[in-house]
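The structure appears right after this line, and notes come after that.
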Amino acid sequence: MANETGYTVAVLGATGAVGQQMLATLEQKDFPIKDLKLLSSKRSAGKKVTFKGTEYTVEEAGPDSFENVQIALFSAGGSISKQLAPEAVKRGAVVVDNTSAFRMDENVPLVVPEVNEADIKEHNGIIANPNCSTIQMVVALEPIRKKYGLNKVIVSTYQAVSGAGWAAVEEMKEQSRDMLDGKEVSPEILPVGGDKKHFPIAFNAIPQIDKFQENGYTFEEMKMINETKKILHQDKLEVAATCVRLPVETGHSESVYIEVENGNPGVEDLKQLLESGDGLTLKDNPSEQEYPMALDSVGLPDVFVGRIRRDLDRENAYHFWVVSDNLLKGAAYNSVQIAESLIKLGMLKG
Ligand code: L14
């Protein structure tokens, strides 16, 4: 479909869980698209995808796919990004990469527009979209950090299966049926496709997301730790994370403990701050049992926060609960927001 005005946009990984949400977000925001190219790895090439009522055939991505592309949204896995992002940049595209391939590269801004939009100005062709669990946490931390400063963050996550892709969601559903029917199950994907062992996710809680590192933390945990410091521009911030997979289809939840640097804000102060924070929706009314839940977050771009309370032993410490749709604000929606910021900042060739 060709429009008179707008940009030439490529979506790489168009058939995947995140790619599909990228298309839904572009459609819903009526993003100015002149030409749309839908790309994938070899495995998914040839599949049909509909965008704004027009059917597209997804093409296998190669270096030349990015000829004349102005903005390329990548979500087809880290190794494809490593291979093709530099090729897209060589051909003049700006790449918004949703994998972990470039996030910690010092020449690549790592951006959550509500938090560090200005970092986009430093880009050299690639802008990284942070990890899903990191994004929703920093959106909630930023208003507090801005006013009171932060010394320490400890987070435990309760992560949904869709982050690992459609095949993992299918595995969870089939396993659930099989277990209820008393059949044996043979997990093949979770906790991590490429790891040695696989465990059932149905009726379970798995304290492993991505592979283990030498320090005993998983890669997902280290992503949260390192990315949070980079996005908040605070190398010395103390951060620890424990990432756990639950049999939830979509919507990550997080229990967050913080120690603020200056002052001793009351819970009401924090609620007001969070209520007016960009991209945040406060849902915090214990007497009416109102708090954020994964199921309620599905399909919505907001980061929901609630259960805000003081630590009982430390003056400057607080606990809260953060929930968001991991495929939207955690991935696709944030990527499209970065593309919108590029336009707003006048950084896309028209
Ligand atoms: O973008 O849920 O770093 O398994 C990698 C693993 C996103 C989610 C990333 C998962 C992720 C993911």
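Order of listing sets the numbers, starting from 1, for every ligand and every atom in it. Residues take their numbers from the sequence shown, with the count starting at 1.
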Worksheet item: Does a side chain donor of either Gln208 or Thr218 reach within less than 3.5 Å of an acceptor in the other side chain?
Response: no
Discussion item. Looking only at side-chain N and O atoms, does Ser176 offer a donor or acceptor that is under 3.5 Å from a partner on Asp178?
Written reply: no
Worksheet item: Should the pair Tyr7 and Phe31 be assigned to parallel (<30°), tilted (30 to 60°) or perpendicular (>60°) ring geometry?
Response: tilted
Quick test: of every protein heavy atom, which one is nearest to [atom], and how far off is it to 0.1 Å?
atom                    : answer
atom 4 (O) of ligand 1  : Arg245 NH2, 2.7 Å
atom 12 (C) of ligand 1 : Gly163 O, 3.6 Å
atom 1 (O) of ligand 1  : Arg103 NH2, 2.8 Å

Fill in: Cys132 contact mode with ligand 1 (heavy-atom cut-off under 4.0 Å)
side chain
Discussion item. Considering both backbone and side-chain atoms of Lys223, is one of its nitrogen or oxygen atoms within less than 3.5 Å of a nitrogen or oxygen in ligand 1?
Written reply: yes
Discussion item. Using side-chain hydrogen bond (donor to acceptor under 3.5 Å, both in side chains), reason through Ser297 and Asp325 one step at a time and then give a plain yes or no.
Written reply: CA-CA 5 Å; Ser297 76; Asp325 183 324; 5.6 Å; no
Discussion item. Going by the closest heavy atom to atom 6 (C) of ligand 1, which one wins out of Glu220, Met224, Gln159?
Written reply: Glu220
Worksheet entry | Ligand-side contact atoms (ligand 1) for residue partner Ala164, heavy atom cut-off under 4.0 Å | 2 (O), 4 (O), 10 (C)
Discussion item. Once rounded to the nearest 0.5 Å, what's the spacing between atom CG of Asn334 and atom CE of Met22?
Written reply: 9.5 Å
Response to the item:
Using a 4.5 Å side-chain heavy-atom cut-off and chaining through intermediate ILVMFWY residues, the residues clustered with Ile154 come out as Tyr257
